[in-house]
Protein chains: 2
Amino acid sequence: MNAGGVSIPKQTFHRLPGYYNYLKLLRSEGIETVSSTTIAKDLRLGEVQVRKDLACISKTGGRPRTGFSVAELIDSIEYQLGYNRMDEAVLVGAGNLGRALLSYSGFEEIGINIVAAFDRDESVVGQTLFGKQVLPISKLSDLCQRMHILIGIIAVPGSQAQQVCDLLVSAGIAAIWNFAPVHLTVPDDVLIKNENLAASLAILSQNLSEQLAKGNLL
Amino acid sequence: MNAGGVSIPKQTFHRLPGYYNYLKLLRSEGIETVSSTTIAKDLRLGEVQVRKDLACISKTGGRPRTGFSVAELIDSIEYQLGYNRMDEAVLVGAGNLGRALLSYSGFEEIGINIVAAFDRDESVVGQTLFGKQVLPISKLSDLCQRMHILIGIIAVPGSQAQQVCDLLVSAGIAAIWNFAPVHLTVPDDVLIKNENLAASLAILSQNLSEQLAKGNLL
DNA sequence: TAGATTGTTAATCGATTAACAATC
DNA sequence: TAGATTGTTAATCGATTAACAATC
């Protein structure tokens, strides 16, 4: 078990959301403890790997014969993923994807608040979508600096993405979540995460072909 | 360089979309060749890693002094990611996220066609959104089986996701792309990829905190 | 106690990095 | 030729897996 500040392996970190959703399912069914064996089976992971992952994040650890406390694991993961802390972000692009992100209630749950959306299209500017104001792009820089916002979400077409990206950077944004399927050039100290939906689906489809090919050989 | 059927390391595979967008940017600027050093610098990767990645995918390989052909690399990546092949998928859930996916032109480009959307809400059933029909859930099974569709996309609220998932599985779907932030239970032979938007953003925000903390120490 | 389960230590595996030889 | 660049071979690193001891 882990007292706190110790660093978690990157791969383990990326498995945490999977554990989290699974554990919430157990909790909703009234299950209070679970063994690493059971988790491993249901999540299709190795049981030693699960034990090692949980050892990284759980403060109390598990108990022989009973396993881990579902509630404690959920709390630990929420802590590790920063679901307690509140963070603010701005969204650029109030098209279909932007609206989907605005309507998505999951962000609030994990402590991230989209404070406003920005768009260059005058017909949407001024509207309130899902409780969030849509402001003109011209107000972006001022608002980000005034509110010390560090996270920007790009949901504009690829052709405008670099321009929007430059604007965000000049407004003091330190991390960018980019949905446009284009390469963005940013200064070294700006964090960038590309969410390439088309590529994700392509990879799933490739994995499927491989699995089907493998199945045919057996 | 790689003739074809040889297997590509998983990590390399996941970096391909990044190379792809970058190379397309170069091509749009009229650049015909590029060195691994340049790619590494712009993509913030190790230059040996880039060379090793490209060796995996490129048929022709690079040439000393000139580097790699941008066009050839783009072709090779398209081949590896299956952008040539055409695949069909169904979408369940025509809410905000579903609409964003329907409106997203990127899928066609990579050879994936969403043949129809399904929803249980009678007020959207029968509409045509972004050129795709919205059909009642009751027709899902029949259509999937008739058209031999293997990929299903879940864009419904978490509370309905498992039910939709079961329906997809019973309709013969072999791979599921799940946007609902819940754990889905599926038979062993069904591939599942969870696209947890909230978790992705949480991880970006955590990375940012770490970077800021590191910066303060220096 | 016996057995299920955790946690740790060592071995293996895959991916990254470093060093260097090959090529135009 | 000299130098930039690729490609390969060996070393390192991190993550996974296996074996086993510890605990309730």
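Below, read A as the first sequence line, B as the second, and so on, with proteins coming before strands; counting in each chain starts at 1.
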If I take atom [atom1] in residue [X] and atom [atom2] in nucleotide [N], what distance separates them, rounded to the nearest angstrom?
{"X": "B/Lys10", "N": "D/dA15", "atom1": "NZ", "atom2": "C1'", "result": "12 Å"}
{"X": "B/Gln11", "N": "D/dC13", "atom1": "CD", "atom2": "C1'", "result": "14 Å"}
{"X": "A/Glu72", "N": "C/dT6", "atom1": "CD", "atom2": "C1'", "result": "14 Å"}
{"X": "A/Lys59", "N": "C/dT6", "atom1": "NZ", "atom2": "P", "result": "19 Å"}
{"X": "B/Glu47", "N": "D/dA4", "atom1": "CD", "atom2": "P", "result": "13 Å"}
{"X": "B/Ile8", "N": "C/dT16", "atom1": "CD1", "atom2": "C1'", "result": "17 Å"}
{"X": "B/Gln49", "N": "D/dG7", "atom1": "CD", "atom2": "C1'", "result": "16 Å"}
{"X": "B/Arg15", "N": "C/dT17", "atom1": "CZ", "atom2": "C1'", "result": "12 Å"}

With the threshold set at 4.0 Å, does a side-chain nitrogen-carboxylate oxygen contact exist between B/Glu108 and B/Lys132? yes
For A/Gly67 and for B/Gly46, locate the closest nucleotide of DNA chain C by heavy-atom distance; then report the residue assigned to the nucleotide nearer the 5' terminus.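 The residue closer to the strand's 5' end, by nearest nucleotide, is A/Gly67.
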Show me the pairs that pass side chain to side chain donor-acceptor pair (under 3.5 Å) and involve residues 24-33 of chain B, at least two apart or across chains. none
Ignoring hydrogens and angles, are the base of D/dT9 and the side chain of B/Lys52 linked by a donor-acceptor pair under 3.5 Å?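 Result: at least one qualifying N/O pair found.
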Mind checking whether B/Leu197 and A/Phe179 have side chains closer than 4.5 Å, heavy atoms only?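 Contact flag for B/Leu197/A/Phe179 side chains = yes.
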Does some side-chain heavy atom of A/Leu45 sit less than 4.5 Å from a side-chain heavy atom of A/Arg15? yes
Rounded to the nearest 0.5 Å, what separation is found between the OH atom of A/Tyr19 and the CG atom of A/Asp53? 3.5 Å
With rounding to the nearest 0.5 Å, note down the distance linking CD1 in B/Ile74 to CG in B/Asn21. 10.0 Å
With nearest nucleotide decided by heavy atoms, which residue, B/Phe68 or A/Asp53, maps closer to the 5′ end of DNA chain D?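 The answer here is B/Phe68.
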Mapping A/Thr12 and B/Val34 onto DNA chain D by nearest heavy atom, which one lands closer to the 5' end?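 Taking each residue's closest nucleotide, the earlier one in sequence belongs to B/Val34.
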Under a 3.5 Å limit for both distances, which nucleotide forms a Watson-Crick or G-U wobble pair with C/dA22, could you say? D/dT5
Mate of D/dT16 across any strand shown (Watson-Crick or G-U wobble, both atom pairs under 3.5 Å) is C/dA11
Whether the side chain of B/Glu78 engages the backbone of B/Asn84 through a donor-acceptor N/O pair (distance < 3.5 Å, no angle test) should be reported.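 Flag not set: sc B/Glu78 to bb B/Asn84 has no pair under 3.5 Å.
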Measuring from the side chain of A/Pro9 (C-beta onward, heavy atoms only), which nucleotide among D/dA15, D/dT6, C/dA15 has the closest atom? D/dA15
Summarise protein proximity over nucleotides 19-24 of chain D in one line of letters, 5' to 3': B for base, S for sugar-phosphate only, - for none, counting protein heavy atoms closer than 4.0 Å. ----BB
